[in-house]
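Predicted, not measured: the structure shown is a model, and the values here were computed from it. Residue numbers begin at 1 in each chain, while the letters A, B, ... track the order of the sequences.
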There are 2 protein chains.
Amino acid sequence: MEEERERYVEDFAVMFERFGLPRMMGRVLGALLVSNPPELSAGGLAELLRASRGSISQTTRSLVQMGLVERLTKLGERRDYFRVKPGAWDDLMRSQLESVTTVRQMAERGLEVVPPDAQSARQNLEEMRDFYGFWEGQMHHLLKLWKQERGGSEQ
Amino acid sequence: MEEERERYVEDFAVMFERFGLPRMMGRVLGALLVSNPPELSAGGLAELLRASRGSISQTTRSLVQMGLVERLTKLGERRDYFRVKPGAWDDLMRSQLESVTTVRQMAERGLEVVPPDAQSARQNLEEMRDFYGFWEGQMHHLLKLWKQERGGSEQ
DNA sequence: CGAGAGTTTCAATAAATATTGAAAATATTG
DNA sequence: CAATATTTTCAATATTTATTGAAACTCTCG
């Protein structure tokens with residue numbers, strides 16, 4: 001991997017880290033993203049990223065579970081390969097939509113927990129509920145729209 | 001703070017933590033959210049959450065900087081108070097929009113880094129760019145829409 | 001079934017992060 | 001300006017999280 005792409009992978013990892021996810025996940029995803037050919041083996045990733053096989057194993061599992069990466073095998077070869085899953089970004093956004101739902105529910109639970117006469121707290125929580133309720137609906141709609149317009153063939 | 005609200009604040013903190021932010025931030029924000037009256041002093045927060053003053057100080061600063069909490073003073077009183085900032089959720093979503101922009105830009109940079117003949121990598125990156133470009137535009141639009149419909153009076 | 005290629009597990013360790021608490025700084029009052 | 005209330009800073013520490021590497025495991029092939 002030449003200098004420039006190594007730099008890219010590292011920066012990708014830092015970005016990922018800022019989203020609260022392990023740096024190594026960003027490295028692996030970044031490496032797969034710019035790899036040619038598009039799939040790499042666990043061993044290949046370990047070598048490319050100068051990381052232990054153990055940590056590649058753990059990281060690929062997490063990425064597969066998150067739906068960002070898929071594992072594939074090749075006829076006549078023992079090793080497993082990994083590549084960026086088509087539709088990965090859509091999946092990621094879908095999990096963000098789940099977070100939005102969680103926040104909305106937390107607002108609703110807040111309204112149950114707060115005394116009926118706590119006006120300002122109720123107002124805060126109602127705004128929170130309404131806002132996240134709004135996003136919940138809109139995101140749902142937009143995910144559908146995207147799939148309709150662009151995702152017709154894949155998956 | 002009674003049992004039920006303490007539980008709520010802790011659960012709120014765990015949710016916050018899952019988004020990659022410090023647990024204490026979630027505690028402080030959760031406590032302010034369900035507090036009646038709506039503002040609490042640094043000392044009050046420390047006592048309520050059984051946390052050190054130092055960590056309350058650090059946490060409130062971060063929350064203020066993130067735009068989720070505001071500091072206020074009261075005439076005739078020395079201490080500072082904190083409360084949930086009106087429009088906090090909108091601000092938070094705006095910072096998520098910034099993240100979306102960052103991801104889109106990272107996709108574009110990927111396209112510069114990858115050789116012209118690396119078909120599949122280019123396809124990956126183009127899908128990423130288009131997807132996040134789409135969300136960028138849509139989120140921008142929705143934030144405007146929300147402000148128009150609901151945020152007319154505040155701020 | 002045994003050998004070899006490859007992957008996963010997991011205890012140990014390294015690294016990063018959050019939290020405390022005491023001292024320093026700051027602001028307000030009389 | 002001294003006394004007091006309050007907040008901030010920061011070095012030390014506790015806690016959490018990521019990473020390694022060696023051993024165990026799994027699979028495939030001859």
Side-chain angles (χ1 to χ4, degrees), chain A residues 6 9-32 37 39-66 68-83, chain B residues 6 9-32 37 39-66 68-83:
Chain A
E6 276 194 13
V9 169
E10 282 307 302
D11 291 349
F12 196 93
V14 168
M15 177 182 83
F16 228 71
E17 201 173 25
R18 276 213 291 270
F19 300 155
L21 294 162
R23 185 180 298 186
M24 191 59 82
M25 270 194 180
R27 288 208 184 96
V28 169
L29 188 61
L32 292 174
E39 64 277 329
L40 291 169
S41 67
L45 281 164
E47 195 184 344
L48 193 71
L49 302 174
R50 273 102 81 193
S52 73
R53 275 138 192 282
S55 112
I56 296 295
S57 172
Q58 150 63 20
T59 301
T60 49
R61 185 209 318 292
S62 304
L63 285 168
V64 168
Q65 188 179 336
M66 279 179 75
L68 296 180
V69 162
E70 65 188 358
R71 182 187 300 259
L72 52 120
T73 54
K74 294 185 179 186
L75 201 67
E77 280 203 50
R78 292 184 183 184
R79 68 190 99 182
D80 291 350
Y81 287 86
F82 298 94
R83 73 169 170 210
Chain B
E6 276 194 14
V9 168
E10 282 308 302
D11 292 349
F12 195 94
V14 168
M15 176 182 84
F16 227 71
E17 202 173 25
R18 277 212 291 270
F19 300 155
L21 294 162
R23 185 180 296 188
M24 190 60 82
M25 269 194 181
R27 287 207 184 98
V28 169
L29 187 61
L32 291 175
E39 65 277 329
L40 291 169
S41 66
L45 281 164
E47 195 184 347
L48 192 71
L49 301 174
R50 272 102 81 192
S52 73
R53 273 138 194 283
S55 111
I56 296 295
S57 172
Q58 150 64 20
T59 302
T60 49
R61 185 208 322 290
S62 304
L63 285 169
V64 167
Q65 188 179 335
M66 280 179 75
L68 297 180
V69 161
E70 66 188 357
R71 184 187 299 260
L72 52 121
T73 53
K74 294 187 179 185
L75 200 67
E77 281 202 51
R78 289 182 186 188
R79 69 190 98 183
D80 291 351
Y81 286 86
F82 299 94
R83 73 170 170 209

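Rounded to whole Å, atom P of dT8(D) lies 12 Å from atom CG of L45(B). The separation between L49(B) atom CG and dT20(C) atom C1' is 15 Å, rounded to whole Å. The interatomic distance linking K74(A) (NZ) with dC27(D) (C1') rounds to 19 Å, in whole Å. Taking atom CG of residue L75(A) and atom P of nucleotide dT28(D), one finds them 12 Å apart after rounding to whole Å. If you measure from atom CD of Q58(A) to atom P of dG6(C), you get 22 Å, rounded to the nearest angstrom.
Of the candidates dT8(D), dC29(D), dT28(C), dT8(D) carries the atom nearest the R53(B) side chain, counting heavy atoms from C-beta on. Set against dT8(C), dC29(D), dT9(C), the side chain of R78(A) has dC29(D) as its closest nucleotide. When the nucleotides dT20(D), dT7(D), dT7(C) are ranked by their closest atom to the side chain of R71(B), dT7(D) comes out on top. Distances from the side chain of R61(B) to the nucleotides dT7(D), dT9(D), dT7(C) place dT9(D) closest.
Between V14(B) and R18(B), the closest side-chain pair of non-hydrogen atoms falls below 4.5 Å. Side-chain atoms of L45(A) and L32(A), non-hydrogen and from C-beta on, do get closer than 4.5 Å to each other. No side-chain heavy atom of Q58(B) sits under 4.5 Å from any side-chain heavy atom of M24(B).
Between E6(A) and R50(A), at least one side-chain nitrogen of the basic residue sits less than 4.0 Å from a carboxylate oxygen of the acidic one, meeting the salt-bridge criterion.
Of the side-chain N and O atoms in S52(B), none sit less than 4.0 angstrom from OP1 or OP2 of dT19(C). Taking 4.0 angstrom as the limit, S55(A) places none of its side-chain polar atoms (N or O) nearer than this to OP1 or OP2 of dT19(D). Contact annotation: R50(B) does not reach the phosphate of dT20(C) (side-chain N/O to OP1 or OP2, under 4.0 Å).
Under 3.5 Å, the side chains of T73(B) and E77(B) contain no donor-acceptor pair of N or O atoms.
R79(B) comes within 4.0 angstrom of sugar-phosphate atoms only, judged by non-hydrogen atoms across all strands, and of no base. Nucleic acid contact class of G54(A) (heavy atoms, under 4.0 Å, all strands): base.
Each of G43(B) and I56(A) was matched to the nucleotide of DNA chain D holding its nearest heavy atom; the match closer to the 5' end belongs to G43(B).
Base pairing analysis places dT28(C) opposite dA3(D); the two distances defining the Watson-Crick or G-U wobble pair are each below 3.5 Å.
Note: F16(A) and F19(A) have tilted aromatic rings, judged against thresholds of 30 and 60 degrees for the angle between ring planes.
Listed by residue number, the members of residues 13-28 of chain B with any heavy atom below 4.0 angstrom from DNA chain C are P22(B), M24(B).
To the nearest 0.5 Å, atom CD of residue E10(A) and atom CZ of residue R23(A) are 7.5 Å apart.
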